[in-house]
Amino acid sequence: MDSPRYEIVAVAGADTARLEHPVRLRPPVLKLATDGPLAYDTASVSPGSRLALRDDDTVRVTVRSASNASVLWRGDLGTVQALSASGTLFSADLPARMLRARTELVIMRGSDTLHVALPPVGIALANQWEMLGPDSVGPDATDEELIARPIPSGTYKWFLLPGTALEVTGRNGDFSRVRLDSQLEVWVSTADLHPLPSWWLPTKRVAGNARLVSQPEWVDLVVPMAGRPPYYVDEGARELSVTLYGTMINTDIVNYGANDSLVREAQWTQDASDRGHFRLQLSSPAYGYLAFWQNGAFILRVRRPPRIDSGSPLKGLTIAIDPGHPPIGATGPTGLYEPVPTLAVGLVVRQMLEARGAKVVMTRTTADPVALGDRPIIARKANANALVSIHLNALPDGINPFTSNGTGAYYFRSQSLPLARELQRAMVARMGLRNLGINYDNLRLARPTWMPAVLCEGAFLMIPEQENALRTPEFQKLYATAIVDGLESYFRSLPAR
């Protein structure tokens, strides 16, 4: 059957123009009726296959069926557990040890009964070590995003070094559980793991004497040890703190080298038998950093803020501008494709920034697609002082766009929050749309660590009036001017932060 369409008709005197626009519909949702034949949603059944867990790990058992049904889990030895109902979803949490053999769900309503077989849950892996990502070293290795999450398919939290050896302690579908230290396990993509040879033995990580190495644009904290550690960097007001998991710190000396003005003091603590911290007290708020492995040492590279000309705060700076999409991108109700106005705005931003003495690096200047992961790499390799990604918003089904649209700015790293504030203030002032505020969000273009990075959602493409405005050079210039205003205000205030 053809998809539904609506027609837009524009009339001016004797002239008439028509545009047909298709409506994309979701696949039909299985109706789980309270009468008629009993049924269940096969896609809702869990657990699935490819599970390997410890006996005391919790496994969620689920199925969707009619709200007036009842569901039991039945074990191989006759053990029975009722599933709790929430509408049409039935669920129970069971220990993995109860699911080692083939078990089943029994769905009942009156005289109707359905039996759904569940696959057995495998036994957790023991003493199995694998390497995360390729065996890469140096600053360029920071471009490879190797992500660890608190739960399978969960939010991103840890970004680990390629070549890190990790003990694998479980599997769940496309994810593997790995141990960072005795107190913390996380989940990584199984596709990112590579088996180590059978003869390989884990290396005991012991941090030795550290040193601070000053360069014109940064200071390196160099911590020698036998193997790459899993790590996590915390950003404080005037502090960077790096947690080294699975690591004992035996640092007797921290050599400061030159009397550097950026790092005031380096301290370390051992918080558990296999977890340590290095803390760097800074003379100014953190501006940018990289963590990488090189020459047998973990290195935390701390970037110096740029020198700012108070009269021309953008002069001499390198600014990366990212016109959002393609690939993908939203389409407005009359067919305006998001990458078209984002590029138009980006090109105006470039012109304005260059007029103020900045060097501009564009992630794209044509309609050709640029991979999402390549865009922050372009900014880092250009040594950009800031990255701004230009987007236009839309909303998922179930949210009224006419009451929820407006302007928003998105950041991920604490060092980017001041820039997000200035950009949001400037966008609201220039474009006059509803202020949706600043949002912490785990977005690829907001995650770089080497420079402040912010993603702007200046307007809502799905609102017809805003879509129409975005076709005009006048509104595109307002968006562009707001971005330049925000950047100028941020860098003007940087020396005083």
Side-chain angles (χ1 to χ4, degrees), residues 136-148 156-162 164 207 210-223 225 228-245 247 254 256-257 260-268 276-295 297-307 317-318 320 376-377 379-387 411-420 440 442 444-454 490-491 494 497:
S136 305
V137 299
D140 286 349
T142 62
D143 296 329
E144 300 169 32
E145 274 210 320
L146 295 166
I147 299 150
Y156 299 2
K157 182 62 177 177
W158 298 267
F159 302 88
L160 304 180
L161 298 175
T164 301
R211 64 187 187 277
L212 292 165
V213 180
S214 298
Q215 297 293 338
E217 293 190 21
W218 62 74
V219 177
D220 284 345
L221 170 67
V222 182
V223 184
M225 62 182 75
R228 297 167 177 80
Y231 76 96
Y232 183 79
V233 176
D234 273 311
E235 302 168 37
R238 292 175 180 264
E239 177 183 282
L240 283 177
S241 172
V242 58
T243 302
L244 301 176
Y245 301 103
T247 302
V254 178
Y256 285 74
D260 196 280
S261 61
L262 177 60
V263 178
R264 289 181 168 174
E265 187 177 10
Q267 302 171 327
W268 67 267
H277 279 87
F278 276 90
R279 291 181 175 85
L280 300 182
Q281 301 293 333
L282 307 178
S283 58
S284 60
Y287 173 73
Y289 65 89
L290 292 175
F292 57 94
W293 177 262
Q294 193 169 50
N295 298 327
F298 175 87
I299 298 174
L300 182 64
R301 176 162 291 175
V302 185
R303 191 177 189 184
R304 299 182 194 278
R307 291 194 175 121
L317 300 181
T318 298
I377 295 174
R380 185 195 66 78
K381 288 188 173 180
N383 205 32
N385 297 108
L387 167 61
Y411 80 100
F412 184 67
R413 307 288 179 184
S414 297
Q415 65 193 26
S416 300
L417 179 56
L419 176 59
Y440 165 91
N442 200 337
R444 184 65 181 90
L445 269 299
R447 288 201 295 267
T449 63
W450 189 236
M451 78 289 290
V454 175
Y490 167 74
F491 281 108
L494 189 61
R497 292 188 185 276

Cation-pi, Phe292 ring and Arg380 (6.0 angstrom, 45 degrees): no

Please enumerate all residues that pass ring-ring contact (aromatic ring centres under 6.0 Å, His included) together with Phe412, with sequence neighbours excluded. Tyr440

Are side-chain heavy atoms of [X] and [Y] found at a separation under 4.5 Å?
| X | Y | result |
| --- | --- | --- |
| Arg447 | Glu145 | yes |
| Tyr411 | Leu419 | no |
| Leu282 | Val302 | yes |
| Lys381 | Trp450 | no |
| Val233 | Arg413 | no |
| Ile147 | Phe159 | yes |

According to side-chain contact (heavy atoms from CB on, under 4.5 Å), who are the partners of Ser136, at least two apart in sequence or on a separate chain? Pro134, Ala141, Glu144, Pro162

Exam field: side chain [X] to backbone [Y], donor-acceptor pair closer than 3.5 Å:
| X | Y | value |
| --- | --- | --- |
| Thr449 | Tyr289 | yes |
| Arg304 | Pro216 | yes |
| Asn385 | Leu317 | no |

Side chain to side chain donor-acceptor pair (under 3.5 Å) against Gln294, all qualifying residues, sequence neighbours excluded: none

SB check Asp234 Arg279 (cutoff 4.0 Å): no

